[in-house]
Amino acid sequence: EDLPVTTDLDTILAQHFAADEIEAIREAVHFLKWTQLCIERCFKYFEGHDGLEEFEVTAYVRDYARWVLEPYVFNETQGSVHLEIDTLEEGMIRANVSLFLRIIYNLVVNATEAMKSRHGVIRLSVETTKGKVIVKVSDQGQGIEARRLEPMLHRQDVGRDLHSIGLRFVGETVEQFNGQIFFDTL
């Protein structure tokens, strides 16, 4: 069958697919665009670009949560824990986008580990206050003792605690971006 001459994607899809299939196709297209953006960022990084750029965080966090974090949390907890986005305020930062998203990923991984044997919600929010972007990840897990947290964020020996690897990355990267990190814990 010859393809129609129209460039209107909705018209083409409506002629050949059911409504639920169209939505799945739109989501796949969105995912492919996200993947393309990630690949373009990799090429920019390897071409000698320092990777730092000024960007608005909302779209990145929203898309990353939808395509990466939500499925991760759901799969790791067999659906007993869900990721919810509370607040997404617009805010500009200068950072490496990939590393910024990795910070959020590591925090969500730790929250997921804390919640594995429970049912509940991990909340993610981005807020702006006095020109600063504040990323919050909260869970209903038992928490990390404050005396154990500080060594995890810096290059101190914490034995075989695997949480320390992700949190150490978070601490060092936030510092590299001239940011600050705070935890509410035990």
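By convention here, the first residue in the shown sequence is residue 1.
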Transitively linked via ILVMFWY side-chain contacts under 4.5 Å: [X] with [Y]?
| X | Y | value |
| --- | --- | --- |
| I104 | F55 | yes |
| F177 | V137 | yes |
| V135 | M92 | no |
| I134 | Y64 | no |
| V174 | L124 | yes |

Quick one: list whatever passes side chain to side chain donor-acceptor pair (under 3.5 Å) with [X], sequence neighbours left out.
| X | result |
| --- | --- |
| E89 | T128 |
| K136 | E127 |
| T58 | E56 |

### Query
Rounded to the nearest 0.5 Å, what separation is found between the CG atom of L32 and the CD1 atom of I25?
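It comes to 11.5 Å.
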#### Entry: Approximate separation, where rounding is to 0.5 Å, of L52 CG and F100 CZ
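Between L52 CG and F100 CZ, I get 13.5 Å after rounding to 0.5 Å.
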### Message
Within the 4.5 Å heavy-atom criterion, are M115 and I122 side-chain neighbours or not?
### Response
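They are in side-chain contact.
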### Message
Take a 6.0 Å sphere around CD of E90 and say whether it holds more than 12 heavy atoms from other residues, nucleotides or ligands.
### Response
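No, CD of E90 has 12 or fewer neighbouring heavy atoms, counting only those of other groups under 6.0 Å.
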#### Entry: salt bridge (charged side-chain N to carboxylate O under 4.0 Å, His left out) partners of E76, counting only residues at least two apart
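Testing E76 for salt bridge (charged side-chain N to carboxylate O under 4.0 Å, His left out), a comparison that skips the adjacent residues, returns K116.
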### Query
If every non-hydrogen atom of D139 is compared with every non-hydrogen atom of A114, which pair is closest and at what distance?
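Closest approach of D139 to A114, heavy atoms only: OD1-CB, 4.1 Å.
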Please tabulate, for the side chains in residues 80-88, all donor-acceptor contacts under 3.5 angstrom to protein atoms that are two or more places apart in sequence or on a different chain.
{"from": "S80", "atom 1": "OG", "to": "T77", "atom 2": "O", "distance (Å)": "2.9"}
{"from": "S80", "atom 1": "OG", "to": "R118", "atom 2": "O", "distance (Å)": "3.2"}
{"from": "H82", "atom 1": "NE2", "to": "G79", "atom 2": "O", "distance (Å)": "3.2"}
{"from": "E84", "atom 1": "OE1", "to": "R123", "atom 2": "NH1", "distance (Å)": "2.7"}

Would you tabulate the side-chain donor-acceptor contacts of residues 65-72 under 3.5 Å, counting partners in other chains and residues two or more places apart, or write 'none'?
{"from": "R66", "atom 1": "NH2", "to": "E27", "atom 2": "OE2", "distance (Å)": "3.3"}
{"from": "W67", "atom 1": "NE1", "to": "H30", "atom 2": "NE2", "distance (Å)": "3.3"}

